[in-house]
Amino acid sequence: MAKLFEPLTIKDVTFKNRIVMAPMCMYESDKEDGRVTDWHRIHYPARAVGGSGLIILEATAVQPQGRISDRDLGIWDDGHIEGLAELVRLVKISGAKTGIQLAHAGRKATVDGEIQAPSALPFNENYKTPAEMTIQEIAETVEAFKLGAVRSDKAGFDCIELHAAHGYLINEFLSPLTNKRTDEYGGSAENRYRILREIIDAVNDVWKKPLFVRISAHDYTDGGMIPELYIEMAKWMKQQGVDLIDVSSGALVPAQIPVYPGYQVKYAETIKHGADIPTGAVGLITSPLQAEEILQNDRADMVFLARELLRDSYWPYRASKELGAEIEGPVPYKRGWV
Ligand SMILES: Cc1cc2nc3c(=O)[nH]c(=O)nc-3n(C[C@H](O)[C@H](O)[C@H](O)COP(=O)(O)O)c2cc1C
């Protein structure tokens, strides 16, 4: 049996295979109110029909000023629960588990009004200069992630992924390139990790299901973070009960990134073995054999696909054929799914 199609149980949740649809912003909340629209109702359940084991919803903002754009999905209000619950129900029809990526864009927010970050440094000349967050604002943001977790639970999600990658708020705290604070939230690795520690603890108070964290393991810039430096933080995440680290990279500061098939897999491998914690591999993984190699060689525990699933929602079905695995298809499709 191909490892890609081996079930994986984390806490009380069994994922039917190791194929994860990575979070992808759709920017389709067209009334700019963070609500689910018909596009989401079509897009996510379609990937579930295609056979992915876990569908993780796009970066979903825990605070309105933490949106990447004003068309992002949101979870800052109880009014968001109903639409998200409907998506969960539609995705589950096909036996996929549902995840949501809880996010705050920090200095990469492009919404009106003041934006916030650990330090008052803009990403580049096209972005606003953020205000340095006060201790009170940090506490409010931690609470917003907690309330996001409460609402995720009410909506019925199986899994939460905290977005600590791609140069958004949490990532900005973790890296010394974007965190120049001189208080207890800046300086040493322990201090830079503090907000994530507090968010994980706050979420754990209200959330008992699988908890993933997505990180950018490499800043591709001198003086920035590298996978070896993330091992220490990954050990802290493990101690705090994080179940899996989804290992991405880049986008913290403008930088040249050497991109090639599977270019981030080695970071997932370094962190998996360095911190003895399950990881997800992501980034230019497109072929079933490539995905199978990652799992068989124990380089990661789940394989996250993004763009390939936009091109082909039936990639898992195709992979099962190529790897000789027998999987259950949708009953109404039985005559085609042979
Ligand atoms: C349209 C699009 C939207 C994305 N939005 C998010 C997002 O909301 N959160 C996130 O962590 N990554 C996001 N990403 C990055 C993907 O999750 C993934 O890490 C990246 O595309 C590399 O994987 P791939 O080569 O399989 O596409 C996005 C990527 C694309 C193409």
Side-chain angles (χ1 to χ4, degrees), residues 2-4 17-25 47 52-54 56 58-59 68 99 101 103 108 123-124 161-168 170-172 174-178 212-234 237 244-275 277-312 315-316 318-319 322-323:
K3 192 137 190 202
L4 193 57
N17 59 44
R18 310 295 180 102
I19 304 166
V20 182
M21 177 179 167
M24 278 180 279
C25 289
R47 267 73 213 168
S52 295
L54 169 63
I56 302 186
E58 63 202 81
I68 301 167
Q101 189 183 47
K108 288 173 108 178
F123 177 76
N124 66 21
E161 175 169 284
L162 299 174
H163 198 347
H166 303 165
Y168 298 116
I170 300 174
N171 192 183
E172 292 160 16
L174 297 179
S175 174
L177 295 176
T178 40
F212 296 0
V213 177
R214 174 169 267 202
I215 61 165
S216 271
H218 210 309
D219 293 340
Y220 305 103
T221 302
D222 285 347
M225 293 295 283
I226 53 172
E228 290 69 21
L229 289 176
Y230 262 109
I231 289 174
E232 184 181 37
M233 290 186 181
M237 289 182 218
L244 179 141
I245 301 182
D246 167 12
V247 184
S248 186
S249 74
L252 179 80
V253 291
Q256 284 281 342
I257 304 179
V259 171
Y260 47 86
Y263 69 107
Q264 297 170 147
V265 176
K266 56 184 183 292
Y267 309 148
E269 187 173 11
T270 299
I271 286 165
K272 175 176 167 60
H273 298 293
I277 186 165
T279 57
V282 66
L284 277 178
I285 301 167
T286 53
S287 86
L289 269 182
Q290 190 190 1
E292 185 65 9
E293 180 276 327
I294 292 164
L295 298 173
Q296 290 286 359
N297 281 321
D298 206 22
R299 306 175 74 193
D301 302 85
M302 295 182 105
V303 176
F304 288 55
L305 283 89
R307 288 163 295 181
E308 191 62 15
L309 283 174
L310 297 184
R311 290 184 281 267
D312 179 6
W315 189 92
R318 195 155 54 77
E322 201 169 314
L323 299 174

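The first residue in the sequence is number 1, and the count goes up from there.
- Residue pairs meeting the salt bridge (Lys or Arg N to Asp or Glu O under 4.0 Å) criterion with at least one partner in residues 251-271, sequence neighbours excluded, are Glu269-Arg299.
- Not counting sequence neighbours, Tyr230 has no partner by the ring-ring contact (aromatic ring centres under 6.0 Å, His included) test.
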>> side-chain contact (heavy atoms from CB on, under 4.5 Å), that's the test. Do Leu174 and Met225 meet it? Break it down for me.
In response: CA-CA 8 Å; Leu174 297 179; Met225 293 295 283; 5.5 Å; no
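- Ser216 meets the side-chain contact (heavy atoms from CB on, under 4.5 Å) test with Ala165, His166, Asn171; sequence neighbours excluded.
- Tyr267 meets the ring-ring contact (aromatic ring centres under 6.0 Å, His included) test with His218; sequence neighbours excluded.
- Here the CD-CE distance, from Gln101 to Met24, works out to 11.0 Å after rounding to the nearest 0.5 Å.
- In this structure, Trp315 contributes its side chain and Ser52 its backbone to no donor-acceptor pair below 3.5 Å.
- Shortest non-hydrogen contact noted between Tyr263 and Pro258 is CD1-O, 3.7 Å.
- When the side-chain hydrogen bond (donor to acceptor under 3.5 Å, both in side chains) test is applied to Glu308, the partners found at least two apart in sequence or on another chain are Arg311, Arg318.
- A 4.5 Å side-chain heavy-atom check between Glu292 and Glu322 finds every atom pair outside the cut-off.
- Residues Leu252 and Ser175 come closest through the heavy atom pair CD2-OG, 3.2 Å.
- Summarising the geometry, atom CG belonging to Leu4 is positioned 12.0 Å from atom CD belonging to Glu293; distances are rounded to the nearest 0.5 Å.
- Qualifying side-chain hydrogen bond (donor to acceptor under 3.5 Å, both in side chains) partners for Arg307, counting only residues two or more places apart in sequence or in other chains: none.
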>> Run Thr286 and Leu305 through side-chain contact (heavy atoms from CB on, under 4.5 Å) and show every step you take.
In response: CA-CA 7 Å; Thr286 53; Leu305 283 89; over 6 Å; no
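- Within the 4.5 Å cutoff, the side chain of Leu284 has no heavy atoms near those of the Gln290 side chain.
- Side-chain atoms of Val247 and Val265, non-hydrogen and from C-beta on, never get closer than 4.5 Å to each other.
- For the salt bridge (Lys or Arg N to Asp or Glu O under 4.0 Å) condition, no pair includes a residue of residues 247-265, sequence neighbours left out.
- Across Val303 and Ile285, no two heavy atoms sit closer than the pair CG1-CG2, 3.7 Å.
- Residue pairs meeting the salt bridge (Lys or Arg N to Asp or Glu O under 4.0 Å) criterion with at least one member in residues 244-256, sequence neighbours excluded: Arg214-Asp246.
- For the salt bridge (Lys or Arg N to Asp or Glu O under 4.0 Å) test, no residue two or more places apart in sequence or in another chain qualifies with Lys108.
- Taking every heavy atom of both residues into account, Val213 and Ala164 meet most closely at CG1-CB, 3.8 Å.
- Around atom CG of Asn124, more than 12 heavy atoms belonging to other residues, nucleotides or ligands sit under 6.0 Å away.
- In this structure, CZ on Arg18 lies 7.0 Å from CE on Met302, to the nearest 0.5 angstrom.
- Between the CD1 atom of Ile271 and the CD1 atom of Ile245 there is a distance of 6.0 Å, given to the nearest 0.5 Å.
- Side-chain atoms of Leu54 and Phe212, non-hydrogen and from C-beta on, do get closer than 4.5 Å to each other.
- Contacts of Ser249 classified as side-chain hydrogen bond (donor to acceptor under 3.5 Å, both in side chains), with partners at least two apart in sequence or in another chain: Tyr220, Gln264.
- In this structure, Asn17 has no side-chain hydrogen bond (donor to acceptor under 3.5 Å, both in side chains) partners at least two apart in sequence or on a different chain.
- Of all heavy-atom pairs spanning Ile68 and Cys25, the tightest one is CD1-SG, 3.8 Å.
- Counting heavy atoms from C-beta outward, Met237 and Ile215 have side chains that approach closer than 4.5 Å.
- The CG atom of Asp219 sits 9.5 Å away from the CD1 atom of Ile257 when rounded to the nearest 0.5 Å.
- The two residues Gly224 and Leu229 have their closest heavy-atom pair at O-CD1, 3.9 Å.
- The OG1 atom of Thr279 sits 8.5 Å away from the CG atom of Asp298 when rounded to the nearest 0.5 Å.
- For Glu228, the side-chain contact (heavy atoms from CB on, under 4.5 Å) criterion is met by Ile226, Thr270, not counting sequence neighbours.
- Listed for the Arg47 side chain is a donor-acceptor partner under 3.5 Å among the backbone atoms of Leu309.
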